[in-house]
Visitor: 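Shown below is the structure under consideration.
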Amino acid sequence: MLKLRNVSKVYEGKVAYRALTDINLEVDKGEFVSIMGPSGSGKTTLLNIISTNDAPTTGTVEIDGENPHKLKKNELAKFRRNQLGFIFQDFNLLHTLTVEENIVLPLTLDGSRVKEMKEKAYEIAGNLGIESIMHKRISEISGGQTQRAAIARALIHEPMLLLADEPTGNLDSKASKDVMKMLVSINEREKASLLMVTHDPQAASYSDRVVFIRDGKLHSEIHAGENRQAFFQKIIDMLSLMGGEGNDFSSVRV
Ligand SMILES: Nc1ncnc2c1ncn2[C@@H]1O[C@H](COP(=O)(O)OP(=O)(O)O)[C@@H](O)[C@H]1O
Ligand SMILES: [Mg+2]
């Protein structure tokens, strides 16, 4: 489904900065992979390269057999809209619009019919338990509800690859658990692949596999086992082996 081959990223500037080095990573159809690593290790850079927000300096990205970085501008816009779903920590929702308006926004760009859009939006909202707040503005709903609205919008195109950057970052543990359960059920029901960056071991424990990155390089990976609690413990152990989370700003200069 997703194949990264020798992906490296150097940010040019007064001092060039090597953010990623030779990343090789494959995600299967329907697989749920989490990416963890200390702050500054290159997680967001990696997601930006996969989402085509940014280009790799060297190496290739393949999504369902296609290299999105090679597409022409309008082909790429369509590819992103139809094949990819994005869930970011700041949600990227428009606060003055209603939940429903936000959810159908990607479809309006495609010129879909209003009735069709509405039906689809309500079906997804129903699955996410937010159909009762469709007419509220984003500014009037809770963090957990906002996150569900963001997920609904990411799903409206039935993407084959969902990319999430810290989707539970702003949520309390109850809301975070709800969001994770929802992502897992979408992942299972739609057979969508899910790639999630998270610093939260609890959230990561819902995935099939956790890939650890450090200083822009793949460090290790672990697979889910028989139960989530044991996987959670394995994730915690790996994070402490890596030297803790969030307090490591080691940098690699080129
Ligand atoms: N646009 C940019 N220009 C220069 N350096 C950047 C840019 N974006 C990120 N970096 C640097 O690349 C490294 C990796 O950043 P990032 O991918 O955001 O890490 P993470 O998401 O793991 O915290 C950091 O040291 C960061 O300062
Ligand atoms: Mg980041």
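For clarity, every value in this text was computed on a predicted model and none was experimentally measured. Just so you know, ligand 1 is whichever comes first in the structure, and atom 1 is the first atom listed for that ligand.
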Visitor: Looking only at heavy atoms of P38, does any of them come nearer than 4.0 Å to an atom of ligand 1?
Guide: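 So P38 counts as touching ligand 1.
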Visitor: Can you check which of T45, V197, D54 brings a heavy atom nearest to atom 17 (O) of ligand 1?
Guide: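 That would be T45.
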Visitor: Looking at F32, is R209 sitting on its ring face, NZ or CZ under 6.0 Å from the six-membered ring centre and within 45 degrees of the normal?
Guide: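 Pair R209/F32 does not count as cation-pi.
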Visitor: So is G42 touching ligand 1 or not, going by heavy atoms under 4.0 Å?
Guide: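 Contact check G42 vs ligand 1: positive.
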Visitor: As an exercise, identify every atom of ligand 1 less than 4.0 angstrom from a heavy atom of S39.
Guide: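 Counting atoms of ligand 1 from 1, those under 4.0 Å from S39 are 23 (O).
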Visitor: Does E119 pair with K115 as a salt bridge, N-O distance under 4.0 Å?
Guide: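 Result for this pair is yes, salt bridge flagged.
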Visitor: Flag T45 as yes if one of its N/O/S atoms falls below 2.8 Å of the Mg ion (ligand 2), otherwise no.
Guide: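 No.
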Visitor: Would you indicate whether K234, at its atom NZ, is surrounded by more than 12 heavy atoms from other residues, nucleotides or ligands within a distance under 6.0 Å?
Guide: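 Buried by this count: over 12 neighbours within 6.0 Å.
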Visitor: K118 vs E100, test: salt bridge (charged side-chain N to carboxylate O under 4.0 Å, His left out). Steps then yes/no.
Guide: CA-CA 8 Å; K118 212 177 165 82; E100 181 178 340; 3.0 Å; yes
Visitor: Would K217 and D22 satisfy salt bridge (charged side-chain N to carboxylate O under 4.0 Å, His left out), going step by step from the backbone distance to the final call?
Guide: CA-CA 7 Å; K217 293 180 187 142; D22 285 335; over 6 Å; no
Visitor: Near A19, which atoms of ligand 1 are under 4.0 Å from a heavy atom of that residue?
Guide: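 Heavy-atom distances to A19 below 4.0 Å select 12 (O).
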